[in-house]
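Convention: sequence-line order gives letters A, B, ...; per-chain numbering from 1.
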4 protein chains.
Amino acid sequence: MSIFAPNEYSVGVTKREQILNKSLHLFAERGIQATPMSLIVAESGVATGTIYHHFKSKQEIIEALYLEFKKELGKAFHHSFKQDQSFYQQFESIWRGVFEFYLREPLKFRFSQQVTHSHYIDEELKQEGLSHYQVFFDFFEAGMKKGEFVQIDLHLALELVHGGVVSLANLHLKEKINNLELNIKEAMQFAWRGITKTKSDQHE
Amino acid sequence: MSIFAPNEYSVGVTKREQILNKSLHLFAERGIQATPMSLIVAESGVATGTIYHHFKSKQEIIEALYLEFKKELGKAFHHSFKQDQSFYQQFESIWRGVFEFYLREPLKFRFSQQVTHSHYIDEELKQEGLSHYQVFFDFFEAGMKKGEFVQIDLHLALELVHGGVVSLANLHLKEKINNLELNIKEAMQFAWRGITKTKSDQHE
Amino acid sequence: MSIFAPNEYSVGVTKREQILNKSLHLFAERGIQATPMSLIVAESGVATGTIYHHFKSKQEIIEALYLEFKKELGKAFHHSFKQDQSFYQQFESIWRGVFEFYLREPLKFRFSQQVTHSHYIDEELKQEGLSHYQVFFDFFEAGMKKGEFVQIDLHLALELVHGGVVSLANLHLKEKINNLELNIKEAMQFAWRGITKTKSDQHE
Amino acid sequence: MSIFAPNEYSVGVTKREQILNKSLHLFAERGIQATPMSLIVAESGVATGTIYHHFKSKQEIIEALYLEFKKELGKAFHHSFKQDQSFYQQFESIWRGVFEFYLREPLKFRFSQQVTHSHYIDEELKQEGLSHYQVFFDFFEAGMKKGEFVQIDLHLALELVHGGVVSLANLHLKEKINNLELNIKEAMQFAWRGITKTKSDQHE
DNA sequence: TATGAATGAGCATTCATTCAT
DNA sequence: AATGAATGAATGCTCATTCAT
């Protein structure tokens, strides 16, 4: 590839990035196991050896993508969080920040869903990712201390709230949602009601 | 196989069932793609040809297990539902019924988690499974009509409520939950608050 | 299969014949190697075991069909041969007899073509079939003795004459021949000129 | 592979050629269906993957060999043809050219016989090969126009003449022919008499 | 850094055949 | 005679990875 005749990939995109981009695409659309290295080679326009120059193995590509995803998800949590707001406003910021990240990066979202529920990433690596959620943990603990939120296991709370974001993103990306804005509000308030204390409708 | 010399598998278990049982085990514990047919052969104590006598392909085993799971999950919804009870009691029955099914059948639960987020089952087959949730849809619609539940897309409601059950089952099976009974109550009430109307803490 | 409810195969056709008929069909149309026993089972409406009750192996079915073919071809030679006719009339009878047999039984013809040029039938069995051509050998030898036919190796003569019949049958069955009657005459006279002595156009 | 340590195959023979050579050998001697890829691997001294690096499938090896054969047969037709000779001399050149090609390349000849009468090559690919025979078609048409040859379908003429070459080559390679030179002359003149017009011995 | 031919263990599947009923 | 579940060696092929250039 001459520098005088840059091809379609050469404009500021390194081979490493080409490989990651195409891998993400293929993993998300076809599934990880249905994406052989040879296909990544063919699609990303590099040679077999070049992939193995940048990544030790297929597993390492998966892990690189996973870590990148977790980092960006962490950012989505972090950036959308605004101090000096009401708990509700903070909650909404986080919820929307993550949801919008998923809609903005549907490939990364789908890839993460696959990886989370498969055996591609070992528990250890999954644990590492937890640090990105610190913002949520801090937010939720503060709410609990103030008596605004129910007393609940932090991890469980994260899963319950995050699960709702994922569910709506999933349904929306599958085009099963008609009125998106309305359902965003519903899903969000579902979680908000879930975590906040109410006096009346407690049972037992 | 004579009735006088039954082998270790012969007590009322057909070869077909042996194959399905062992496949479920291996899929759940090692992952589907990490389970070659040769391993199923070795573990289930049948010959290669016997597997292909009963199932057209590995894919067909996966689909058979998926359909079986969906059917049983449908039963878990159905059997735990008791008419002539308060909405809350009905809700709790369903929630607990499904949750208990997951704890009773952790292999099926794990297998379903894998399959749901992979490309092994096509959309069409996934749609078929929806019929099993009719009990929930009926229940939720009744609650909406009576003004007890929030107005929300039925599928979204199912996902939001079911997502909580899955989250807790997941954390529990990974031994991340200390006080199970307490967290069951919390997760359940998270969902109950989520779906029920409250007067005070609505935002906007 | 009850005697009160004979199925479509039972009218005077034994299972053995069903198997042979369907095998011939499948071998001719798909090729021998592309016809697994399981397909013969499915198409002939018998059980696997039944085939192996009547035939020791797939090879034995092929050989049974081959021998049947050779016998019928022998008959085609024999029956079409009429003594007390001119050499040309005898030649024409044989040529046409064989050609008509091929058109009457295209499946047997195609099967024989496959088998002749493959390794399914060993040389020994092929030799056995030669006895059926005795009629031709006798006819040709008589013609040579009378000085009507050229002095030529008998086997070669058979191949040369028979080859023309096969060529035309092949082209006709592939629908490459427009005017069949004309081309029959041409192909036949090609062979007749070939085997008969002429004074003029010998070279050297 | 260093030039200082060439292995036993490296003298100007690419892996691709090794594979084709050995495949031809095995196909011709054992039959195509009796030649598993594993045997080609073992005999050609390459790895399984290497075969599939050069050929998409076993079918593609067969097709490559078939096309190579057809091309060389075309050359045999073409090169042996000499303009400015009598029709008989042209005929003899072609006949002998093809016959000698078959004797020179018995493996290719046997392979072609197998393939021609099996289902390995589809009609379309067989049609493509016809272009190689143009020399014969031109020669024969010229002879017809000059009134030297009988009026006969070109394809049929090709088959009738070529069939004789094949018959003799076959018998010779099976060592059924004693005096080869004599029988070459006989078979050739059989065809020559067949295609040339004679005044006397026409019937009807 | 980059290339792509070469590798070979491993995979899903086929298929002729056996055998208990 | 007939059945069809069961067998397992063998097949064509895949695919992550290595290595010489």
**OP:** For the side chain of Pro36(B), starting at C-beta, report the closest nucleotide among dC11(E), dA6(E), dG8(E).
**Re:** dC11(E)
Original post:
Roughly how many Å is it from CG in Leu39(B) to C1' in dA12(E), rounded to a whole number?
Top reply: 14 Å
**OP:** Let me know the distance between CZ of Phe55(B) and P of dA5(F), rounded to the nearest Å.
**Re:** 13 Å
Subject >> Ile19(B) CD1 - dA5(F) P separation (whole Å) >> reply: 12 Å
**OP:** Select from Thr50(B) and Gln59(D) the residue whose nearest nucleotide in DNA chain F is closer to the 5' end of that strand.
**Re:** Thr50(B)
Original post:
What are the two closest heavy atoms between Gln114(C) and His117(D), and how far apart are they?
Top reply: CG-O, 3.2 Å
Subject >> Nearest-Å distance for atom pair CD1/P, residues Ile51(C) and dT18(E) >> reply: 14 Å
Subject >> Interatomic distance where CD belongs to Gln18(C) and C1' belongs to dA1(F) [whole Å] >> reply: 13 Å
Subject >> Thr48(B) vs Gln33(D), nearer the 5' end of DNA chain F by closest nucleotide >> reply: Thr48(B)
**OP:** Return the minimal non-hydrogen interatomic distance between Lys58(A) and Phe27(A), and the atom names on each side.
**Re:** CE-CE2, 4.1 Å
**OP:** Kindly say if His53(B) contacts the phosphate of dA5(F), meaning a side-chain N or O under 4.0 Å from OP1 or OP2.
**Re:** yes
**OP:** Grab the CD1-C1' distance between Ile40(B) and dG10(E) for me, whole Å please.
**Re:** 15 Å
**OP:** Could you tell me the separation between the CD1 atom of Ile62(C) and the P atom of dC15(E), rounded to a whole number of Å?
**Re:** 14 Å
Original post:
Between Tyr52(B) and dT13(E), is there a side-chain N or O to OP1/OP2 distance below 4.0 Å?
Top reply: yes
Original post:
Which one, dG4(F), dC15(E), dA16(F), comes nearest to the side chain of Met37(A)?
Top reply: dA16(F)
Original post:
OP1 or OP2 of dT3(F) less than 4.0 angstrom from a side-chain nitrogen or oxygen of Lys15(C), does that happen here?
Top reply: yes
Original post:
Out of dA6(E), dC11(E), dT13(E), which nucleotide sits closest to the side chain of His54(D)?
Top reply: dA6(E)
Original post:
Is Lys108(B) salt-bridged to Glu68(B), going by a charged N under 4.0 Å from an acidic O?
Top reply: yes
Original post:
In whole Å, what is the span from the NZ atom of Lys56(C) to the C1' atom of dT18(E)?
Top reply: 15 Å
Original post:
Are the side chain of Lys71(C) and the backbone of Tyr66(C) linked by a donor-acceptor contact shorter than 3.5 Å?
Top reply: no
Original post:
How long is the gap from CD1 on Ile121(C) to OG1 on Thr116(C), to the nearest 0.5 Å?
Top reply: 8.5 Å
Subject >> Mate of dA5(F) where both pairing distances stay under 3.5 Å, Watson-Crick or G-U >> reply: dT18(E)
Subject >> Nearest-nucleotide comparison on DNA chain E, the residue closer to the 5′ end among Ser57(C) and Lys58(B) >> reply: Lys58(B)
